[in-house]
Protein chains: 2
Amino acid sequence: MAIDLFARQGFDETTVEDIAQAAGMTKRSFFRYFPTKEDAVFEGIDLTGESVVADIAARPADEGPWECLHQVLRAWQEEIHASEQALATIRLIEATPALAGRLHQRRTEWRRRVSNALQDRPGASLDPYTADLLTNAATAVLDAVSSQWARSDGNADRPALLDQGFYQVHVDLNSRQE
Amino acid sequence: MAIDLFARQGFDETTVEDIAQAAGMTKRSFFRYFPTKEDAVFEGIDLTGESVVADIAARPADEGPWECLHQVLRAWQEEIHASEQALATIRLIEATPALAGRLHQRRTEWRRRVSNALQDRPGASLDPYTADLLTNAATAVLDAVSSQWARSDGNADRPALLDQGFYQVHVDLNSRQE
DNA sequence: TTCGATGTGTCACCTGGCGACATGATAGTC
DNA sequence: GACTATCATGTCGCCAGGTGACACATCGAA
């Protein structure tokens, strides 16, 4: 709904009242559904990654954390970006700094939880710094995948890109350099 | 100046008029110095990385891109975070989503330029995706360093953390998995 | 029917941010 | 020393995002 308006006339140029009116409600009501104008863009997309944390805990304990992230994120983003509007949404986000910022805010929350989930895996003995490195590196891959996917006008194979990214980037666990 | 106020009473609780008044100017004048309220926090910090791009071009051509990033960022962040207020600033940013978002916006610009600079290095034949992976992975390390440094109350050795991060994370250049 | 919960509209308000214009200081020229 | 262009700043008014308080309606349970 709101995304159509944003895509047509731009994010900043679309007021909350416009969106609300188009949806047959009041500005005040809009803010009862969405905490901010930005969040209307992420409507229906699970960015907090409830499932991700659970999935991490469910992976076999003898799997390395990097591979674990790889498998979980592969499943997760396939599910997320099955949407029709994915390309338009990504383009919109890339073109709108405020949206990129908001996405990052959500991701920050998400990363904290993922980082903790990694540390909590049975048998894992990760220090917080390494857990952050792993988590941040994973989002680095995710971001690169999104960019490349948008660059290809949505034609690239997202899972393949993700796999490639996870193969090209690795994270060592031993914190001592040899 | 503004950071003191933010640190004392919180970012949202400090209005632009407060800051302006404390600085002996008008609200309107404040916005002539800073494009947004957030930017007052980053006062004096070079986030656009003018120097980084130049430094990348100046590194020896036979150096791998990951090592190149490592060396350049090592120098860069030593310069940046020599400031007294660095810890307070990082804490403030971590506690204020809006600031984290704004920082990320700046970083996005920065990453685009760094990614291009990597591709433009003499002798480098990086595809855009790999260049993005390298750049994003580097910021992943930077972010983890900042978090860890804040976690240690500013006692950790930032350059050492950066080195460790760059050793633990690597990025392969060959895009084919073997 | 009555009651309470839930959803929505209305109104008023604060704040960040911008555009337009006025004013004052400052520096440079004749 | 008077004149003027320039720049910084103040003043005013406006828009839009976001919140709190309150009223009203609808609907299901008792």
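In what follows, every chain begins at residue 1, and chains take the letters A, B, ... in the order their sequences are listed.
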*Residues touching DNA chain D, which here means a heavy atom under 4.0 Å, drawn from residues 22-38 of chain A*: A:Lys27, A:Arg28, A:Phe31, A:Pro35, A:Thr36, A:Lys37
*Contact residues, residues 7-17 of chain B to DNA chain D [heavy atom, < 4.0 Å]*: none
_If the condition is ring-ring contact (aromatic ring centres under 6.0 Å, His included), which residues does A:Tyr33 pass it with, not counting sequence neighbours?_
none
*Who pairs with A:Phe11 by ring-ring contact (aromatic ring centres under 6.0 Å, His included), at least two apart in sequence or on another chain?*
A:Phe6
*side chain to side chain donor-acceptor pair (under 3.5 Å) contacts in which one or both residues fall within residues 90-102 of chain B, not counting sequence neighbours*: B:Asp39-B:Arg102, B:Arg91-B:Asp153, B:Arg102-B:Gln105
_Suppose we screen for salt bridge (charged side-chain N to carboxylate O under 4.0 Å, His left out). Which residues come up paired with B:Arg151, at least two apart in sequence or across chains?_
A:Asp132
Contacts of [X] that satisfy side-chain contact (heavy atoms from CB on, under 4.5 Å) - sequence neighbours left out:
X        : answer
B:Ala140 : A:Asn136, A:Ala140
A:Ala117 : A:Val53, A:Ile56
B:Arg32  : B:Arg28, B:Ser29
A:Gln71  : A:Arg59, A:Glu63, A:Glu67, A:Arg74

*Under 4.0 Å from any heavy atom of chain B: name the first and the last nucleotide of DNA chain C that qualifies, 5' to 3'.*
C:dT15 to C:dA20
*Is the closest basic N to carboxylate O distance between A:Asp143 and A:Arg107 below 4.0 Å?*
yes
*With sequence neighbours excluded, give me every ring pair (Phe, Tyr, Trp, His ring centres under 6.0 Å) pair touching residues 111-146 of chain A.*
none
